[in-house]
There are 2 protein chains.
Amino acid sequence: MRRKSLKGAACPIAKALDVIGDWWSLLIVRDALRGTRRFSEFEKSLGVSKNILAGRLRTLVGHGILELAPASDGSAYQEYLLTPKGRGLFPVIVALRQFGEESLYGSEPCRTVMVDRKSGQPVRKLELRASNGRLLKPGETMLIRREA
Amino acid sequence: MRRKSLKGAACPIAKALDVIGDWWSLLIVRDALRGTRRFSEFEKSLGVSKNILAGRLRTLVGHGILELAPASDGSAYQEYLLTPKGRGLFPVIVALRQFGEESLYGSEPCRTVMVDRKSGQPVRKLELRASNGRLLKPGETMLIRREA
DNA sequence: CCGTATCCATTCCGATACTG
DNA sequence: CAGTATCGGAATGGATACGG
């Protein structure tokens, strides 16, 4: 972040990276999607120092990815919950996971698998499809300018 | 990057972020997916200084995301092409774009749309599906440990 | 338990100058 | 055109100490 270029960035990818394009933010979202809510849980899971974590959480709340809510267990503290906007990052997380699983392990494959909770079967790979359902490879897409 | 934690990171998301989890790398991949090949093209598109760009390109080549090839136009220089592994980042880019389009624009919507080159129609939203084709929301998935 | 404040080291980034 | 070398400033990260 804080590079010069993103001020008027028209590209949605650049805008997205401006919000979650740093190391910790996506890992926080990853944990939040798994149900992590409390400051100390994030701290323990990520192994990040308190000040960094506090800053990231504050930024994510500011961007509307997380929101603060009263603790569900009756304790005096608060919890960080994903907003609907934050849950919109689910495909990003899944895409990263699938890329990692597929291309970043050597002889020993990844030890965890994402499965459908109901059936216990592994989920499908994310695929981009045309409006008629046809599978699209990168070269089969293009960007067009939308008219006002 | 270069945080301490990723050395033995078992999480594929963390591993993926270690490879492309910085500001420029994904933007380089974005451009490469659009057909950008030459150093100067990346430089112009990204508005990044040469030394940073050179470093990122070198890292991406080192990770097997990009590869160097002789220039297709007969010039004396080389081009940076996506490897199959690099093209595996396509879903990540699309997911980021769709998140950005959906949640990061205010009154004025995003001016560009990704379409099927053949039909000219917008692509579908990425969806996670179970092995039986059922649509899966975040809470309907879980991670399990794979047995050796 | 949930942070904030501080200090310090490292890294990153941008601009520029320089080379083949 | 395609980089490399260098520099300074800014941001990031880790550790720790402190306070509500």
Nucleotide [N], atom [atom2] - distance to [atom1] of [X] in whole Å:
| X | N | atom1 | atom2 | answer |
| --- | --- | --- | --- | --- |
| B:Ile52 | D:dC7 | CD1 | P | 16 Å |
| A:Leu53 | C:dC2 | CG | C1' | 10 Å |
| A:Phe42 | C:dG3 | CZ | P | 11 Å |
| B:Tyr80 | D:dA2 | OH | P | 9 Å |
| A:Glu43 | C:dC1 | CD | C1' | 10 Å |
| B:Leu66 | D:dA2 | CG | P | 15 Å |
| B:Asp22 | D:dA11 | CG | C1' | 14 Å |
| B:Glu41 | D:dG3 | CD | P | 13 Å |

Discussion item. Checking contacts here: which listed nucleotide (D:dG3, C:dT4, D:dG14) is nearest the side-chain heavy atoms of A:Val48?
Written reply: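 Nearest listed nucleotide: D:dG14.
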Item to complete: Measure from the side chain of A:Trp23, starting at C-beta and using heavy atoms only, and say which of D:dA2, C:dG3, D:dG13 lies closest.
Response: D:dG13
Worksheet item: Closer to the 5' end of DNA chain C via nearest nucleotide, is it A:Ala54 or B:Ser49?
Response: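 Its nearest nucleotide lies further toward 5', so the answer is A:Ala54.
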Discussion item. Is there a side-chain contact between A:Arg38 and the phosphate of C:dC2, meaning an N or O under 4.0 Å from OP1 or OP2?
Written reply: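 Looking at the OP1 and OP2 atoms of C:dC2, one of them is under 4.0 Å from a side-chain N or O of A:Arg38.
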Discussion item. Measuring to OP1 and OP2 of D:dG13, would you say a side-chain N or O of A:Arg56 lies under 4.0 angstrom away?
Written reply: yes
Discussion item. Within a 6.0 Å radius of atom NZ on A:Lys125, are there more than 12 heavy atoms belonging to other residues, nucleotides or ligands?
Written reply: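 Yes, the 6.0 Å shell around NZ holds more than 12 heavy atoms from other groups.
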Would you be so kind as to tabulate the donor-acceptor pairs closer than 3.5 Å made by side chains of residues 43-50 of chain A, with sequence neighbours excluded?
from	atom 1	to	atom 2	distance (Å)
A:Ser45	OG	A:Asp31	OD2	2.7
A:Ser49	OG	A:Asn51	OD1	3.1

Item to complete: Confirm from the modelled atom types if A:Tyr77 and C:dC1 form a donor-acceptor pair under 3.5 Å, side chain to base only.
Response: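 By the distance-only test, yes, there is a pair.
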Worksheet item: Less than 3.5 Å between a donor and an acceptor, one on the side chain of B:Asn51 and one on the base of D:dT6, is that the case here?
Response: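 Check passes, donor-acceptor contact within cut-off.
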Fill in: Face-on cation placement of A:Lys15 at B:Tyr105 ring, 6.0 Å and 45° thresholds
yes
Discussion item. Side chains of A:Ser119 and B:Arg134: any donor to acceptor distance under 3.5 Å?
Written reply: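 A:Ser119 and B:Arg134 do not have a side-chain donor-acceptor pair below 3.5 Å.
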Worksheet entry | B:Arg30 and B:Thr36: side chain donor to acceptor below 3.5 Å |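 Note: B:Arg30 and B:Thr36 side chains miss the donor-acceptor criterion.
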